[in-house]
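Everything on this sheet refers to the single structure shown next.
The chains referred to below are lettered A, B, ... by the order of the sequence lines, with proteins before strands, and numbering in each begins at 1. Predicted, not measured: the structure shown is a model, and the values here were computed from it. Just so it is clear, the values below take in all heavy atoms, side chains as well, and ignore hydrogens, waters and symmetry mates.
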Amino acid sequence: MNPLVLPPTFYSASTVTVARRLLGTCLIHESDEGLCAGRIVETEAYLRDDPACHASRGQTTRNAVMFGPPGHVYVYLIYGMYNCFNVVTAAEGIGEAVLVRALEPLAGIELMRQRRGRSELKELCSGPGKLVQAMGVTRSHNGAALTHGALTLHAAERFGGIPRFEISVSQRIGINVGVELPLRFCVKGSTFLSKKG
DNA sequence: GTCCTGATCCTCT
DNA sequence: GAGGATCAGGACG
């Protein structure tokens with residue numbers, strides 16, 4: 001296995017810890033169309049007892065993946081048009097996840113432009129629905145492991161690393177419940193955030 | 001079965 | 001800054 005691929009143990013820390021550690025790591029998707037990669041610059045933690053978390057009302061067929069082992073992908077359709085990309089955290093049976101909200105494009109940028117129908121670099125991955133579209137992620141990836149397969153998560157060093165950065169913590173975006181909780185984490189000063197952090 | 005809501009994005013003003 | 005697009009899952013009855 002590629003030593004830069006993050007191991008399953010990476011995901012078994014607390015959800016908030018994983019949300020912070022995900023910043024700077026590289027998401028890579030190798031598809032038939034080509035390879036795409038992006039560095040994670042914005043995440044949000046969704047905890048079990050959090051009303052905004054899908055798993056807060058117990059396990060259902062939709063959110064079953066969240067209750068599975070950590071290090072897997074939970075893809076969910078929102079507003080009938082867009083998908084959100086989540087990383088399952090916490091032990092099996094708990095039901096917590098981290099939403100990836102924004103990426104800094106690293107590779108396969110032309111492919112991202114085709115998929116998005118936009119040319120500006122900042123418009124490719126600066127939002128949950130956008131990055132899913134740019135990376136070519138679909139609901140067929142729901143339940144897939146991030147430790148092997150087409151969709152993998154690599155350490156920051158994979159693309160030369162990221163200069164030392166500060167983490168900015170703020171309130172989450174786009175939800176109506178639990179908004180006051182400081183569970184959104186951004187790479188401070190990044191130009192690829194979904195919103196000013 | 002029917003109704004309603006939502007972790008969004010884009011276009012237009 | 002506001003509104004429309006568009007659909008699956010969950011909560012009812």
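Partners of A/Tyr11 according to the side-chain hydrogen bond (donor to acceptor under 3.5 Å, both in side chains) rule, which considers only residues two or more places apart in sequence or in another chain, do not exist here.
In this entry B/dA7 has no Watson-Crick or G-U wobble partner, no candidate having both defining distances under 3.5 Å.
Contact annotation for A/Tyr76: no contact, since no heavy-atom pair falls under 4.0 Å across all strands. In this structure, A/Gly129 reaches the sugar-phosphate backbone alone: every heavy-atom distance under 4.0 Å involves primed, P, OP1 or OP2 atoms, never a base. Using a 4.0 Å heavy-atom distance criterion, A/Arg172 is classed as making no nucleic acid contact. Residue-level contact check: A/Leu99 touches the bases, meaning some heavy atom is under 4.0 Å from a base atom.
Other cluster members for A/Phe67: A/Val65, A/Met66, A/Tyr74, A/Tyr76, A/Ile78, A/Tyr79, A/Met81, A/Tyr82, A/Val88, joined by side-chain heavy-atom distances under 4.5 Å among Ile, Leu, Val, Met, Phe, Trp and Tyr.
Summarising the geometry of A/Ile173 relative to A/Ser194, their closest heavy-atom pair is CD1-OG, 4.3 Å, with the distance given to 0.1 Å.
Contact annotation: the side chain of A/Tyr46 never approaches that of A/Leu183 to less than 4.5 Å [non-hydrogen atoms, C-beta and beyond]. Considering only heavy atoms from C-beta on, A/Arg158 comes within 4.5 Å of A/Ile28 through its side chain.
Distance check: A/Arg115 CZ to A/Cys36 SG gives 4.5 Å after rounding to the nearest 0.5 Å.
First and last contacting nucleotides of DNA chain B toward chain A (any atom under 4.0 angstrom from a heavy atom, 5' to 3' order): B/dG6 to B/dT11.
Per the geometry, CZ belonging to A/Arg62 stands 16 Å off P belonging to C/dC7, to the nearest Å. For the pair A/Asn83 CG and C/dC7 P, the computed distance is 12 Å after rounding to whole Å.
A residue-by-residue look at A/Ile175 and A/Gln133 shows that A/Ile175 has its nearest nucleotide of DNA chain B further toward the 5' end. Each of A/Tyr82 and A/Arg139 was assigned the nucleotide of DNA chain C with the nearest heavy atom; the assignment lying further toward the 5' end belongs to A/Tyr82.
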